[in-house]
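In what follows, chains are A, B, ... by sequence order, proteins preceding strands, each numbered from 1.
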Protein chains: 2
Amino acid sequence: MDSVINLSRKEQVIRKAAELFREKGYAASSMRDLAQKLGIEAASLYSHIKSKEEILHQLCFDMAAEFRKSLDAVEKQKGPASEKLKNGIIGHIQVMAKDLTASAVFMNEHRHLSQPHLRDFLLLRINYINRFKAIIDEGVKNGEFKEHIDRKLAVMTLFSSLNWMPMWYDPNSTIVPTSLGQQLADMLVTGLRK
Amino acid sequence: MDSVINLSRKEQVIRKAAELFREKGYAASSMRDLAQKLGIEAASLYSHIKSKEEILHQLCFDMAAEFRKSLDAVEKQKGPASEKLKNGIIGHIQVMAKDLTASAVFMNEHRHLSQPHLRDFLLLRINYINRFKAIIDEGVKNGEFKEHIDRKLAVMTLFSSLNWMPMWYDPNSTIVPTSLGQQLADMLVTGLRK
DNA sequence: GTGCGAACCTAACGAGTGTTCAGTAATAGA
DNA sequence: TCTATTACTGAACACTCGTTAGGTTCGCAC
């Protein structure tokens, strides 16, 4: 139907935009650049999207929803905090690996969202981080983790490691995302263990 | 003398530019924005700098030189690889903490350098990373570190953690940079140890 | 064959971009 | 007092920006 075709074309636009934003950054990417990538004129883009920012908005909030979903599943699990933390890390990596381009945009370009979208985005982000912090707290309380660790430092180090992954991970590499997540989780969780 | 006053004013311009670039990104920062921050007109900036990119160039390459210097000192030390790695991490953190603003620009905005400066910058970066890789190799060879670790993964995780620090570290916080470096080094090195 | 909607076009808008240029006021050294 | 230098200015240049208006083409449904 029309809406399917429409969505499909719109998604093409958004995917190409994600590639462009990743390469050059949002602010340095022009609508004419994007149009050229698609083989059309800049004005034609506006048949599919409302504005440049709408593209960024969709990219950022779609990724945020994926991360949320992944963590939802982990929190339902029973078991030690270290296992939950590991699975949280693995899930995060898998979500990123599913779309490295969008992940890079999500991470580096979200600041170009205008208000109030930026505020909304940052709230989602803080919420996500706090849920990881709670898992670490749980591990500290039940004696799995060192009790003298700085929780903010720990959780920020964690996210730093995870969020830079799209910068250096080669999707054609021999390391598959699952094993990557496993290894990363090992490295990071071991650092916390007593 | 003239040159001192000139340098001083030029440095003021560059410092304010660093703040601006950090907040809004290089591409989204205009010379008129920068001028306004300094209370002058945009045209007046060109009495002090040759171009917008010259500012970015100076910021990026000055930081690169600082990182290099710090690692030079570490490499001269004798002792176990884990100690060298720790000191490398602590040094890196201290260089960043000395100028968080410039560090953030160094990390996030270097890609807006034009050629051949971008190529030069990336070469410096690869070199720096490889020197850390060599320390890890040393630790694997002499049995300090797990031998099954993926070196690329380890070193990239390391840099990810370090390089995001300017994003969340609050210079008014109670954690002083030295202790921050110490804790970070502990966390990351423990993950590698046998 | 008529109508419709998706996809695209050309042309243009007002605003903002980095940068240049000629000129001015202030200050310091001779 | 004259001179040179520094810091700055307003005006302008040649672009580029995101976006809009109005219109064309094409294929499908009835």
Side-chain angles (χ1 to χ4, degrees), chain A residues 1-60 105 109-115 117-118, chain B residues 1-60 105 109-115 117-118:
Chain A
M1 321 294 186
D2 301 342
S3 72
V4 171
I5 290 164
N6 190 9
L7 264 185
S8 162
R9 188 53 170 156
K10 181 172 182 175
E11 269 166 12
Q12 275 179 51
V13 170
I14 292 179
R15 278 204 62 78
K16 285 283 179 201
E19 290 171 22
L20 190 64
F21 293 170
R22 182 194 195 176
E23 281 166 33
K24 312 183 43 168
Y26 177 77
S29 301
S30 79
M31 296 303 271
R32 286 167 181 84
D33 287 342
L34 175 55
Q36 200 180 22
K37 271 201 134 196
L38 289 153
I40 61 178
E41 293 299 314
S44 311
L45 293 168
Y46 291 83
S47 303
H48 309 290
I49 48 122
K50 278 207 291 285
S51 67
K52 187 185 178 186
E53 189 176 341
E54 192 210 1
I55 303 177
L56 182 62
H57 186 280
Q58 187 140 144
L59 284 167
C60 289
V105 172
E109 311 300 333
H110 69 258
R111 64 166 155 177
H112 293 108
L113 287 167
S114 66
Q115 298 292 8
H117 310 296
L118 179 57
Chain B
M1 319 288 199
D2 303 340
S3 70
V4 172
I5 291 165
N6 190 7
L7 263 185
S8 161
R9 188 54 170 156
K10 180 172 182 174
E11 268 165 12
Q12 276 179 51
V13 170
I14 291 179
R15 278 203 62 80
K16 285 281 179 202
E19 290 171 22
L20 191 63
F21 293 170
R22 182 193 195 174
E23 282 166 32
K24 312 184 39 168
Y26 178 77
S29 301
S30 79
M31 296 304 271
R32 285 166 181 85
D33 287 342
L34 175 55
Q36 200 179 22
K37 271 201 134 195
L38 289 152
I40 60 178
E41 294 298 316
S44 312
L45 293 168
Y46 291 83
S47 303
H48 309 290
I49 48 122
K50 279 206 289 284
S51 68
K52 187 185 179 188
E53 189 176 340
E54 192 209 1
I55 303 176
L56 182 62
H57 186 280
Q58 187 140 146
L59 284 167
C60 289
V105 173
E109 311 300 333
H110 69 258
R111 64 167 154 178
H112 293 108
L113 287 167
S114 66
Q115 298 291 9
H117 310 297
L118 179 57

Nearest to the side chain of [X], which nucleotide is it out of [options]?
X	options	answer
A:M31	D:dT19, C:dA7, C:dG18	D:dT19
B:I40	D:dG18, C:dA7, D:dT9	D:dT9
A:S30	D:dA7, D:dG18, D:dG10	D:dG18
A:A43	D:dT9, C:dG18, D:dA21	D:dA21
A:R32	C:dT19, C:dC8, C:dA12	C:dA12

Round to a whole Å and report the spacing from [atom1] of [X] to [atom2] of [N].
X	N	atom1	atom2	result
B:H112	C:dG18	NE2	P	12 Å
A:D33	D:dC17	CG	P	6 Å
B:L34	C:dT19	CG	P	11 Å
B:K24	C:dT17	NZ	P	8 Å
A:K52	D:dG18	NZ	P	4 Å
A:Y46	C:dA12	OH	P	19 Å
B:Q36	C:dG18	CD	P	13 Å
B:E53	C:dT19	CD	C1'	14 Å

Identify the two heavy atoms, one from [X] and one from [Y], that lie closest to each other, and give their separation to 0.1 Å.
X	Y	answer
B:L20	B:S30	CD2-O, 4.0 Å
B:A17	B:I55	CB-CG2, 3.5 Å
A:K52	A:S29	NZ-O, 2.8 Å

Worksheet item: Got a donor-acceptor contact below 3.5 angstrom from the A:Y26 side chain to the A:E53 backbone?
Response: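 Checking the backbone N and O of A:E53 against the side chain of A:Y26, a donor-acceptor pair under 3.5 Å is found.
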Worksheet entry | Whichever of A:K50 and B:S44 has its nearest DNA chain D nucleotide further upstream toward 5' | B:S44
Worksheet item: Would you say C:dA6 has OP1 or OP2 under 4.0 Å from some side-chain N or O of A:H48?
Response: no
Discussion item. Between B:Q12 and B:R15, does the side-chain hydrogen bond (donor to acceptor under 3.5 Å, both in side chains) criterion hold? Intermediate values first, please.
Written reply: CA-CA 5 Å; B:Q12 276 179 51; B:R15 278 203 62 80; over 6 Å; no
